[in-house]
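For reference, the structure is listed below as structure tokens.
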Amino acid sequence: MNEVEVSQFSEQDEQFMRRAIELARNAENEGEVPVGAVLVRDNQIVAEGWNRCIGTHDATAHAEIQVLRKAGESLQNYRLLDTTLYVTLEPCPMCAGALLHSRVKRIVFGAPDLKAGAAGTVLDLFSSQAAYHFADVESGLLEQECREQLQAFFKRRRKEQKELKRLQKEAQQKGD
């Protein structure tokens, strides 16, 4: 008997994550790590964002934080009750903390962050006893696409850095 895998995600979930993937391209085009995020309430996009740390010289300018700032301004409330965040990469501890403070109800992420994931991969701040608010966290939506986008970026970046070092070494040898 063939087993059919039933997705826990709806078509709308997939649509919002695809939008987050598009936003991640904006980050990549700006030389940032390609992470995009979309905050939704009542099936309507409330805010969108992507990583902007390098361009803004702001370590806190992750995609999730960008979204929380825009949503708070738009809704005139930092408490973002009954919202869902779609993000291409698992939130880090900073972003997980901000999501808890803002009372986002549901977090859906694509790829796990094997180094700094704070939604179950390395840490799980969302189920910590220290958390005073609990959110539903779901992972793996379009995981392969999200992971491949990040991997391609870092592969290209390593290649560019290697070429830059080669050119610098070549220029140094000509100067000697």
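For the numbers below, each heavy atom of this structure counts, side chains included, while hydrogens, waters and symmetry mates do not.
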Does the side chain of [Y] come within less than 4.5 Å of [X]'s, by heavy atoms?
X     : Y      : value
Pro34 : Leu150 : yes
Met94 : Thr60  : yes
His62 : Cys92  : yes
Leu39 : Lys70  : no
Val67 : Val46  : no
Leu85 : Val38  : no
Gln15 : Ser10  : no

Provide the closest heavy-atom pair for [X] versus [Y] in the form atom of the first, atom of the second, distance.
X      : Y      : result
Val33  : Phe153 : CA-CE2, 3.8 Å
Ala98  : Leu68  : CB-CD1, 3.6 Å
Gly72  : Leu80  : N-CD2, 4.2 Å
Gly110 : Cys146 : CA-SG, 3.9 Å
Leu125 : Ala96  : CD1-CB, 3.9 Å
Arg41  : Asp82  : CG-O, 3.3 Å

My understanding is that only residues two or more places apart in sequence, or in another chain, count here; which of them pass salt bridge (Lys or Arg N to Asp or Glu O under 4.0 Å) with [X]?
X      : answer
Arg158 : none
Arg52  : Glu30
Arg18  : Glu14, Glu145
Asp58  : Arg69

Are the side chain of [X] and the backbone of [Y] linked by a donor-acceptor contact shorter than 3.5 Å?
X      : Y      : value
Asn51  : Ala27  : no
Glu90  : Ala111 : no
Gln149 : Ala24  : no
Asp113 : Leu89  : no

Open item on the list: Under the rule for ring pair (Phe, Tyr, Trp, His ring centres under 6.0 Å), what residues qualify as partners of Tyr86, not counting sequence neighbours?
Closed with: Phe16
Open item on the list: Restricting to ring pair (Phe, Tyr, Trp, His ring centres under 6.0 Å), what partner residues turn up for His133, sequence neighbours left out?
Closed with: none
Open item on the list: Would you say CD of Glu73 has more than 12 non-hydrogen atoms from neighbouring residues, nucleotides or ligands within 6.0 angstrom?
Closed with: no
Do [X] and [Y] land in one hydrophobic cluster if side-chain heavy atoms of ILVMFWY residues count as linked below 4.5 Å?
X      : Y      : result
Ile45  : Phe9   : yes
Leu81  : Ile107 : no
Leu123 : Leu99  : no
Val87  : Leu142 : no

Please table the atom pairs, donor to acceptor, closer than 3.5 Å between any side-chain atom in residues 164-171 and protein atoms at least two apart or in another chain.
{"unit_1": "Arg166", "atom_1": "NE", "unit_2": "Glu163", "atom_2": "OE1", "d": "3.1"}
{"unit_1": "Arg166", "atom_1": "NH1", "unit_2": "Glu170", "atom_2": "OE1", "d": "2.8"}
{"unit_1": "Arg166", "atom_1": "NH2", "unit_2": "Glu163", "atom_2": "OE2", "d": "2.6"}

TODO: Can you tell me which residue pairs pass the salt bridge (Lys or Arg N to Asp or Glu O under 4.0 Å) test with a partner in residues 42-51, sequence neighbours excluded?
DONE: Arg19-Glu48
- [ ] Please collect all salt bridge (Lys or Arg N to Asp or Glu O under 4.0 Å) contacts where either partner lies in residues 118-143, sequence neighbours excluded, each pair once.
- [x] Arg106-Glu138, Glu143-Arg147
- [ ] Taking side chain to side chain donor-acceptor pair (under 3.5 Å) as the test, write out the residues that go with Thr56, two or more places apart.
- [x] none
Open item on the list: Side-chain heavy atoms under 4.5 Å apart, restricted to Ile/Leu/Val/Met/Phe/Trp/Tyr: what other residues fall into the cluster of Tyr78, or is it alone?
Closed with: none
TODO: Using the side-chain contact (heavy atoms from CB on, under 4.5 Å) rule, take Ser102 and Arg79 through it: C-alpha gap first, then chi angles, then the decisive distance, then the call.
DONE: CA-CA 5 Å; Ser102 65; Arg79 291 188 176 199; over 6 Å; no
Task: Identified side-chain contact (heavy atoms from CB on, under 4.5 Å) counterpart of Val35 within the set Leu23, Thr88, Ile21 - done: Thr88
- [ ] Scan for ring-ring contact (aromatic ring centres under 6.0 Å, His included) pairs involving residues 90-128, sequence neighbours excluded, and state none if there are none.
- [x] His101-Tyr132
